[in-house]
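The next block holds one structure in the form of structure tokens; read it before the comments.
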Amino acid sequence: ITALLVLIGLGCFGCYTVLKSDDAIEVEKPDLPDFSAFNDVTAKKNAFFNYLQPAFDTVTAEVLAERTLLIHWQTKTTLTAQEQVQLQDMASMYKVTANNDHALINALLLHVDIIPEELVFSQSANETGWGSSRFAKLGHNFFGQWCFSKGCGIVPNQREQGAAHEVASFDSTEASVRSYFRNINRNQSYLPLREIRSELRKNGDVINACALAAGLINYSERKNADIAEDRPKTRNNR
């Protein structure tokens, strides 16, 4: 994990705790452990990974279920009406278009795939200081994701004058992990990662974090910029 953090180099990288900022009272999420309270580094890292694991497992299972459907549909000459609706919903989610169902399935298989937990966990640790960042504590934001409508998240204390972005706020850690997966799996900026992953699959190699990390060169600049398209504009996420 330590070596991978160096490789990625992306850094911006129980009870309520109330924080006072210049603009508002900020309330930490009650389900988030106080990772800064750990004196032992190994214990802190283990606690952080154990906390993220259930959310990672849930989202990975969702992605694998989608991929299993696509592989099954690949074997069929024609899809049923219900399957076509499911396929179009998936294509809309991943922002993929094609001329026919089978071309769409093949295109989606580049997008709908796993991200190794070593990469997810190390990037999250890097973005949040092992879960101790203000944005993790207040908004379950474990990947530095941005949003761009007023009130969609948390205003950074050091935001440049004239900037409009906020750091996205999520209802749960699982929602943050799901948003991260979707962004990596569909944003054009991370096409290199998806191509590396596809090549690994084609060659029968293990999809490993070190190989995929080379495809995340744009992450710190993008900050999941397209997350604004995922979020209801009427939702209040302060």
Side-chain angles (χ1 to χ4, degrees), residues 5 8-13 16-37 44 47-49 51-52 54-56 58-59 93 95 115 119-190 193 213 216-238:
L5 279 169
I8 295 173
L10 296 172
C12 49
F13 330 178
Y16 288 91
T17 301
V18 179
L19 304 179
K20 181 68 172 70
S21 71
D22 292 337
D23 299 317
I25 296 294
E26 298 180 339
V27 182
E28 293 186 12
K29 299 297 184 181
D31 62 323
L32 189 70
D34 183 5
F35 295 110
S36 63
K44 179 178 182 177
F48 180 76
F49 293 144
Y51 177 80
L52 283 182
F56 171 84
T58 295
V59 175
M93 172 63 68
K95 301 181 180 178
I115 306 172
L119 183 59
V120 177
F121 290 179
S122 61
Q123 189 164 9
S124 180
N126 194 41
E127 291 286 344
T128 66
W130 297 97
S132 63
S133 74
R134 172 181 173 230
F135 306 119
K137 291 178 179 180
L138 299 179
H140 289 119
N141 192 324
F142 283 83
F143 301 94
Q145 296 126 308
W146 288 3
C147 56
F148 293 88
S149 58
K150 186 175 178 59
C152 64
I154 305 161
V155 177
N157 289 330
Q158 304 301 320
R159 187 173 68 177
E160 293 182 5
Q161 186 175 2
H165 72 276
E166 299 180 13
V167 178
S169 181
F170 297 94
D171 290 334
S172 66
T173 301
E174 183 178 298
S176 177
V177 174
R178 184 175 293 110
S179 177
Y180 169 80
F181 265 67
R182 287 176 178 174
N183 193 59
I184 296 299
N185 277 340
R186 74 183 187 184
N187 194 299
Q188 188 65 19
S189 295
Y190 314 122
L193 179 148
L216 286 178
I217 190 66
N218 294 321
Y219 189 87
S220 61
E221 294 179 358
R222 287 288 303 176
K223 288 298 178 198
N224 288 347
D226 70 342
I227 190 175
E229 300 175 16
D230 295 335
R231 306 176 66 74
K233 295 185 182 302
T234 58
R235 181 177 168 189
N236 184 346
N237 290 299
R238 292 179 179 85

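- Considering all non-hydrogen atoms of both residues, S179 and F170 come closest at CB-CE2, 3.7 Å.
- How far OG of S172 is from CG of L32: 12.0 Å, rounded to the nearest 0.5 Å.
- For S176, the side-chain hydrogen bond (donor to acceptor under 3.5 Å, both in side chains) partners two or more places apart in sequence, or in a different chain, are Q145.
- In terms of heavy-atom proximity, A55 sits nearest to V177 at CB-CG2, 4.0 Å.
- Under the ring-ring contact (aromatic ring centres under 6.0 Å, His included) rule, F56 has a single partner from F48, F121, Y180, which is F121.
- When all heavy atoms are compared, the tightest approach of N141 to V167 is ND2-CG1, 3.2 Å.
- By the side-chain hydrogen bond (donor to acceptor under 3.5 Å, both in side chains) test, T58 is found to be paired with no residue, residues two or more places apart in sequence or in another chain being considered.
- The distance from the CG atom of L119 to the CD1 atom of I184 is 7.5 Å, given to the nearest 0.5 Å.
- In this structure, N183 CG and R178 CZ are separated by 14.5 Å, a value rounded to the nearest 0.5 Å.
- Of all heavy-atom pairs spanning C147 and A168, the tightest one is SG-CA, 3.7 Å.
- S132 is linked by a side-chain contact (heavy atoms from CB on, under 4.5 Å) to S36, counting only residues two or more places apart in sequence or in another chain.
- Not one N or O on the side chain of S133 forms a donor-acceptor pair closer than 3.5 Å with the backbone of G129.
- A distance of 4.5 Å separates CD1 of I115 from CG of N185, quoted to the nearest 0.5 Å.
- Counting heavy atoms from C-beta outward, H140 and E174 have side chains that stay 4.5 Å or more apart.
- Residues V120 and F181 approach most closely at CG2-CE1, 3.9 Å, considering heavy atoms.
- A ring-centre distance under 6.0 Å is found for F49 and W130.
- Of all heavy-atom pairs between R186 and M93, the closest is NH1-O, 2.6 Å.
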